[in-house]
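My structure is below; once you've seen it, I'll send some questions.
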There are 2 protein chains.
Amino acid sequence: MNRIFRALADATRRDIVARVLTGEQSVSALAARYEMSFAAVQKHVAVLEGAGLVIKRPSGRERFVRGNPERLARARGLLAQLEGLWRDRFSQLDTVFADPSLRE
Amino acid sequence: MNRIFRALADATRRDIVARVLTGEQSVSALAARYEMSFAAVQKHVAVLEGAGLVIKRPSGRERFVRGNPERLARARGLLAQLEGLWRDRFSQLDTVFADPSLRE
DNA sequence: AGTACGTGTAACCATTTGGTTGTAGATTAT
DNA sequence: ATAATCTACAACCAAATGGTTACACGTACT
C-alpha cells in the first residue's frame, strides 16, 4: 500500500496514470509529453509499475503501458474504510450504552 | 494533492489517521503506541497536519489530534475520477461512431 | 551491414524523508 | 518554588527521491 500511495504522490505520475487509463501508450510516446528527460519519465513509469498501477506489454522494441484500475480501487477502498471509521466513530459508545450489563 | 498522498504513503501515519478518526487523542497518547521516539511521532503528526488530514486542538499543555475526513474524501474523489477514465475509456471512440457526419 | 530508434541501467547530484538525541518553553502537579 | 509532563524545534545522519547525462542492448529501417 505504501508504494501505491507513494507512486500517486507525484503530479507527473498521476498524469501518466490518467493517460494510460484511457489507452495504451509507449514509454517514448509518454516521454514526449513532458519536459523532462526520457530517463526521468522511464523511471516514473518504473515506479508506477512497481506499485502495480501500470502494466507494461512488450511489442518489438517498444513497451506499451496501460493503467491497472484494480490497484486504484484498492487504494480507494482503504480511503473508504478510513472514512467508514469516521462515520461509525460513535459505534463503540453505542455498544456501551446497549450493553445489558449496564442496564441495571 | 501531493502532500495528501505522500502523507498516506507511510504505515505509521495511516495508523495514526485511523486512530484519530475514531476519536481525539493527544500527541503523547499517540506516541505511546509506537516504538519510535516521541519526536518521530510528533513529526508524523506534523506531516499529517500539513496535508490537512489531521487537525490539532490545543488544550492546556497538550494538543488533541482529530482526523479530517474531508481530505480523505478529496483523495478518494481523485481515485474515483481516475477509475472513471478507465470506465469511460471508449467514450471518445463511441463519440466518433455516434458522430452524424460519419453516418453517411 | 550500418544507422536510427526505443528501452533500461549506471553513476552522479541536490533535496527530502524518517529516524535519532538534545534543548527549550509552556503548563500542570507536588 | 520545584519538579514533572507535553510539545515543538534544531542539528544531525542514513537512505530514498527526482532529476540529470552517458552508455549498452535489442529491434527496425534503408
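For the numbers below, each heavy atom of this structure counts, side chains included, while hydrogens, waters and symmetry mates do not. Residue numbers begin at 1 in each chain, while the letters A, B, ... track the order of the sequences. Just so it is clear, the structure is predicted and the values come from calculations on it, not from any experiment.
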Starting at atom CD of A:Gln42, determine the distance to atom P of C:dG8, rounded to an integer number of angstrom.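 One finds 5 Å between P of C:dG8 and CD of A:Gln42, rounded.
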Should the side chain of B:Lys43 and the base of C:dG19 be counted as holding a donor-acceptor pair, with the cut-off at 3.5 Å?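 Present.
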Options C:dT20, D:dC6, C:dT7, nucleotide nearest the side-chain atoms of B:Ser28: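 From the listed options, D:dC6 comes nearest.
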Candidates D:dT20, C:dG18, D:dT7 - which lies nearest the side chain of A:Ser37: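 Closest nucleotide to the A:Ser37 side chain: D:dT20.
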For the side chain of B:Arg61 and the base of D:dT5, is some donor closer than 3.5 Å to an acceptor across the two?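 Under the 3.5 Å cut-off, the side chain and the base do form a donor-acceptor pair.
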Figure out the CD/P separation between B:Glu62 and C:dT28, and round it to whole Å.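 To the nearest whole Å, that distance equals 9 Å.
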Look only at the side chain of A:Arg13 and the backbone of A:Arg6, and say whether a donor-acceptor pair between them is shorter than 3.5 Å.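 Checked: pair present.
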Give one of base, sugar-phosphate or nothing for A:Ala39, where a contact means two heavy atoms less than 4.0 Å apart.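 Base contact - A:Ala39 has a heavy atom under 4.0 Å of at least one base atom.
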The side chain of B:Asp10 lies closest to which of these nucleotides: C:dT20, C:dG18, C:dT7?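 Closest of the options to the side chain of B:Asp10: C:dG18.
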Here's a test of your reading of the structure: between A:Arg6 and A:Ser26, which maps to the more 5' nucleotide of DNA chain C?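 Its nearest nucleotide lies further toward 5', so the answer is A:Ser26.
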How many Å lie between CG on A:Leu30 and P on C:dG8, as a whole number?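 After rounding, the reported distance stands at 11 Å.
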Should B:Arg14 and B:Asp10 be marked as a salt bridge (charged side-chain N to carboxylate O under 4.0 Å, His left out) after you check the CA-CA gap, both sets of side-chain angles, and the distance that decides it? CA-CA 6 Å; B:Arg14 286 195 302 273; B:Asp10 181 280; over 6 Å; no
Measuring from the side chain of B:Met36 (C-beta onward, heavy atoms only), which nucleotide among C:dG19, D:dT7, C:dG18 has the closest atom?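 Nearest to the side chain of B:Met36 among the choices is C:dG19.
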